[in-house]
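Predicted, not measured: the structure shown is a model, and the values here were computed from it. First the proteins, then the strands, lettered A, B, ... as listed; each starts at 1.
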Amino acid sequence: MDNDSELVHAAQNGDQRAFAQLVEKYEARVYNLARKMMRDPQDAEDVLQETFISVFRHLKDFQGDASFSTWLYRIATNASLMKLRGRKTPPLSLDAPVEMDDAGALPREIVDWGITPEEALLSGEVRAQMDAAVDALPESLRAVFVLRDIEGLSVQETADVLSISVPNVKTRLHRARLMLRENLSEYFKRAK
Amino acid sequence: MKHEHTELCAQLQSELPDYLDGEARAEICRAIETHLADCDDCRVVVDTLKKTITLYRNAPCEDVPQDVHARLVRVLSLVSTNDERINE
């Protein structure tokens with residue numbers, strides 16, 4: 001049994017091995033999402049546990065309107081955002097328009113990095129800078145960027161997970177990419 | 001070096017999101033590429049934006065540490081046992 005629908009159906013009917021298979025299949029993806037969203041590894045572990053406890057308790061209510069992975073990402077993202085904001089209800093501000101003022105939207109650092117992504121990824125220092133740059137993003141931009149560009153969800157799936165519009169995802173994604181580019185450009189300029 | 005933005009550069013910025021995701025219309029792509037051929041600054045910006053996306057998309061996925069996995073399994077087992085007891 002490796003199809004999500006079959007596993008979910010079996011787990012909904014009390015098959016604990018099917019539930020364990022779902023955990024095994026998605027554990028690393030949820031952990032990665034949480035590690036990128038949270039600064040603290042302990043917080044990421046808390047999000048991982050809270051996500052799967054919530055899945056365990058609410059799986060019987062899952063109707064299959066969205067895919068299981070979209071539903072799971074929604075739970076994990078909400079758990080991350082709630083933990084970041086230290087509140088009990090999910091934040092509602094994600095659908096607020098993003099201000100794209102010139103200062104934030106237009107590039108400032110124009111530096112040829114002088115390195116390919118393949119070479120850059122071999123450096124632990126570059127990877128640490130990449131993580132720091134994601135940490136520095138405002139959380140509403142971070143959630144969109146992590147889901148779309150790190151977890152590889154489509155724009156539509158990202159919109160579904162965050163319950164925001166597709167244009168809103170695109171705007172936030174572009175803003176996040178611009179901020180990351182500025183951050184990494186400054187780093188590569190210093191490193192030259 | 002700081003970028004001196006022209007009107008064309010600003011116009012390119014607004015079209016970039018769809019261009020970077022391969023969703024821009026053909027005539028927009030052609031206009032962007034024509035501008036990039038003439039504007040060194042915008043070419044660097046677009047190149048480093050593409051590199052930024054590639055970097056994060058290709059970064060290795062972090063494995064779940066064994067102790068983190070073990071604690072998750074233990075917690076889920078406890079929750080399962082506890083919920084069964086409550087439902088009895």
* To do: Determine, step by step, whether A:Arg148 and B:Arg57 satisfy the side chain to side chain contact (heavy atoms under 4.5 Å, CB included) criterion, reporting the C-alpha distance in whole Å, the side-chain angles of both residues, the deciding distance to 0.1 Å, and the verdict.
  => CA-CA 9 Å; A:Arg148 173 75 181 110; B:Arg57 288 196 175 164; 3.5 Å; yes
* Over 12 foreign heavy atoms within 6.0 Å of CD, A:Glu125 -> no
* Identify the heavy atoms of A:Arg181 and B:Val45 that sit nearest to each other, and give their distance. => CD-O, 3.6 Å
* Asked: Hey, does A:Asp112 have a side-chain heavy atom less than 4.5 Å from the side chain of B:Lys51?
  -> yes
* Toward chain B, the part of A:Phe56 with a non-hydrogen atom under 4.5 Å -> side chain
* Part of A:Ile53 within contact of chain B (heavy atom distance under 4.5 Å) -> both
* To do: Give the minimum heavy-atom separation between B:Ala59 and A:Leu121, together with the two atoms involved.
  => CA-CD2, 3.9 Å
* **N-O pairing of B:Asp21 and A:Lys170 below 4.0 Å** => no
* Heavy-atom distances under 4.5 Å only: say whether B:Leu76 touches chain A with side chain, backbone, both or neither. => side chain
* Relative to chain B, which segment of A:Val23 carries a heavy atom at a distance below 4.5 Å: side chain, backbone, both, or neither? -> side chain
* Could you walk me through whether B:Val73 and A:Phe52 pass the side chain to side chain contact (heavy atoms under 4.5 Å, CB included) test, one step at a time? => CA-CA 10 Å; B:Val73 171; A:Phe52 281 107; over 6 Å; no
* Between B:Val75 and chain A, which part of the residue has a heavy atom less than 4.5 Å away: side chain, backbone, both or neither? -> side chain
* B:Ser14 versus chain A, heavy atoms under 4.5 Å apart: side chain, backbone, both or neither? -> neither
* Smallest separation among heavy atoms of A:Glu45 and B:Arg71, with atom names -> OE2-NE, 2.6 Å
* Check: A:Asp149 side chain, B:Ile53 main-chain N or O, donor-acceptor pair, under 3.5 Å -> no
* **Nearest heavy atoms of A:Met130 and B:Leu55, plus distance in Å** => CE-O, 3.6 Å
* Proximity breakdown for A:Arg29 and chain B, heavy-atom pairs closer than 4.5 Å -> neither
* To do: Identify, with sequence neighbours excluded, every residue that meets side chain to side chain donor-acceptor pair (under 3.5 Å) alongside A:Arg127.
  => none
* **Region of B:Asp63 in contact with chain A, defined by heavy-atom distances below 4.5 Å** => backbone
* To do: Look at the side-chain heavy atoms of Ile, Leu, Val, Met, Phe, Trp and Tyr, link any pair under 4.5 Å apart, and say whether B:Ile28 and B:Leu16 land in one connected group.
  => yes
* **chain B contact via A:Leu173 - side chain, backbone, both or neither, heavy atoms under 4.5 Å** => side chain
* To do: For chain A, find which of B:Leu49, B:Thr54, B:Asn58 contributes the most heavy-atom pairs closer than 4.5 angstrom.
  => B:Leu49
* To do: Select, from A:Val155, A:Thr116, A:Leu180, the one with the greatest count of heavy-atom pairs under 4.5 Å involving chain B.
  => A:Leu180
* B:Gln66 atom CD, neighbour heavy-atom count above 12 within 6.0 Å -> no
* Check: B:Pro65 main-chain N/O paired with A:Tyr31 side-chain donor or acceptor under 3.5 Å -> no
* **Enclosure of A:Glu24 CD (heavy-atom neighbours >12, cutoff 6.0 Å)** => no
* To do: Take A:Val111 and B:Val44, measure what side chain to side chain contact (heavy atoms under 4.5 Å, CB included) needs, and give me the verdict at the end.
  => CA-CA 7 Å; A:Val111 183; B:Val44 171; 5.6 Å; no
* Can you name the nearest heavy-atom pair linking B:Cys61 to A:Asn32, along with the distance? -> SG-ND2, 2.9 Å
* Structure fact -> Okay, A:Gln16 and chain B: the region with an atom under 4.5 Å from a heavy atom over there is side chain
* Looking only at heavy atoms, which two atoms of A:Arg57 and B:Val79 are closest? And how far apart? -> NH2-CG1, 3.6 Å
* Residues, nucleotides or ligands: over 12 heavy atoms within 6.0 Å of A:His9 NE2 -> no
* Please round to the nearest 0.5 Å and tell me the distance separating atom NE2 of A:His174 and atom CG of B:Asp18. => 10.0 Å
* Linking I/L/V/M/F/W/Y whenever their side-chain heavy atoms sit closer than 4.5 Å, directly or via other members, would B:Leu78 and A:Val55 fall into one cluster? -> no
